[in-house]
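First the structure, in the form of structure tokens, and then the observations on it.
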Amino acid sequence: MQIRLASVMVDNQDKALRFYTTILGFVKSKEIPMGQFRWLTVTSPEGAEGVELVLEPMGFLPAQTYQKALFAAGIPATAFITNNVQSEYQRLKSLGVSFRGEPKNMGPITAVLFDDTCGNLINLVQPSA
């Protein structure tokens with residue numbers, strides 16, 4: 001058994017695709033029309049081969065409520081791993097990404113939250129050596 005897909009709910013698939021590719025540097029993998037929405041995935045050029053992030057449209061009211069509650073509580077929708085959180089923080093900040101504070105050492109990790117502009121907080125994490 002393998003994990004090949006993970007999802008983040010997004011309030012706008014076009015805006016999400018722009019952010020995840022243009023700002024984060026991910027690459028569009030799949031785009032399949034499905035009614036008013038699309039099966040839309042991105043991959044990380046630095047990530048494990050075959051793992052895709054689904055940019056999941058929120059056409060379901062309870063999903064919107066859940067996403068807003070997570071965001072308001074400061075709970076990340078997911079986490080992305082980096083080898084140099086400080087460098088990634090500076091790079092993304094220079095591109096206009098909104099962060100909740102600066103990277104903080106939390107024992108086994110150093111982490112910082114950022115806003116993906118699509119309704120989610122993402123935890124940017126560097127494991128300690």
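Worth saying up front: this structure is predicted, and the values here are computed from it rather than measured.
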Next on the checklist: Measuring from atom CG of L55 to atom CZ of F19, what distance do you get when rounded to the nearest 0.5 angstrom?
Outcome noted: 11.0 Å

Checklist entry - Between D11 and M58, is there a donor-acceptor pair closer than 3.5 Å when you use the side chain of the first and the backbone of the second? => result no

Checklist entry - Which atom pair, heavy atoms only, marks the closest approach of Q86 to P103? => result OE1-CG, 3.7 Å

Item to check | Exercise: identify the closest heavy-atom pair between A16 and C118 | outcome: CA-SG, 3.3 Å

Checklist entry - Which value, rounded to the nearest 0.5 Å, describes the distance between Q36 atom CD and Q13 atom CD? => result 9.5 Å

Checklist entry - Roughly how far, to the nearest 0.5 Å, is CD of Q67 from CG of L121? => result 9.5 Å

Next on the checklist: Looking at T82, is its backbone amide N or carbonyl O close enough to the side chain of E88 to form a donor-acceptor pair, meaning the two atoms are under 3.5 Å apart?
Outcome noted: no

Checklist entry - Yes or no on salt bridge (Lys or Arg N to Asp or Glu O under 4.0 Å) for K15 and D116, after CA distance, side-chain angles and deciding distance? => result CA-CA 10 Å; K15 182 172 67 169; D116 78 348; over 6 Å; no

Checklist entry - Would the number of heavy atoms belonging to other residues, nucleotides or ligands and lying under 6.0 Å from CD1 of I32 be above 12? => result yes

Checklist entry - What class does the angle between the rings of Y20 and F26 fall in, given that below 30° is parallel, 30 to 60° is tilted and above 60° is perpendicular? => result tilted

Checklist entry - Donor-acceptor pair, T78 side chain versus S7 backbone, under 3.5 Å? => result no

Next on the checklist: When you group the ILVMFWY residues by side-chain heavy-atom contacts below 4.5 Å and let the links chain together, are F80 and L17 in the same group?
Outcome noted: yes

Checklist entry - Under a single-linkage definition using a 4.5 Å side-chain heavy-atom cutoff for Ile, Leu, Val, Met, Phe, Trp and Tyr, are V27 and L24 assigned to the same hydrophobic cluster? => result no

Item to check | Nearest atoms (heavy-atom pairs only) where G74 meets L113 | outcome: O-CD1, 3.5 Å

Checklist outcome for this item: Value for CD (E31) from OG1 (T41), rounded to nearest 0.5 Å, stands at 9.5 Å

Next on the checklist: Are more than 12 heavy atoms, taken from residues, nucleotides or ligands other than F37, located less than 6.0 Å from that residue's CZ atom?
Outcome noted: yes

Checklist entry - Mind checking whether L124 and V42 sit in one hydrophobic cluster, side chains of I, L, V, M, F, W, Y counted as touching below 4.5 Å? => result yes

Item to check | I81 side, atom CD1; I109 side, atom CD1 - distance, nearest 0.5 Å | outcome: 8.0 Å

Next on the checklist: Please evaluate residues L92 and I23 with respect to the criterion side-chain contact (heavy atoms from CB on, under 4.5 Å), reporting the C-alpha separation (whole Å), side-chain torsions for both, the decisive distance (0.1 Å), and the verdict.
Outcome noted: CA-CA 7 Å; L92 293 174; I23 302 297; 4.0 Å; yes

Checklist entry - Are the side chain of N120 and the backbone of I122 linked by a donor-acceptor contact shorter than 3.5 Å? => result no

Checklist outcome for this item: Correct closest heavy-atom pair for G107 and S128 would be O-OG, 2.8 Å

Item to check | Donor on one side chain, acceptor on other, S29 and E52, under 3.5 Å | outcome: yes

Checklist entry - What's the spacing between R38 CZ and E56 CD if we round to 0.5 Å? => result 12.5 Å

Checklist entry - Out of curiosity, does V112 fall in the hydrophobic cluster containing L95 (side-chain heavy atoms, cut-off under 4.5 Å, transitive links)? => result yes

Checklist entry - Under the side-chain contact (heavy atoms from CB on, under 4.5 Å) criterion, do K104 and V85 qualify, and how do the steps go? => result CA-CA 10 Å; K104 291 183 184 166; V85 72; over 6 Å; no

Checklist entry - Around E46, counting heavy atoms of other residues, nucleotides and ligands shown, do more than 12 lie under 6.0 Å from its CD? => result no

Checklist entry - Under 6.0 Å from the six-membered ring centre of F114 and within 45° of its axis: does the NZ or CZ of R91 meet both? => result no

Next on the checklist: Please say yes or no: joined through hydrophobic side-chain contacts below 4.5 Å, possibly via intermediate residues, are V54 and M34 part of one cluster?
Outcome noted: yes

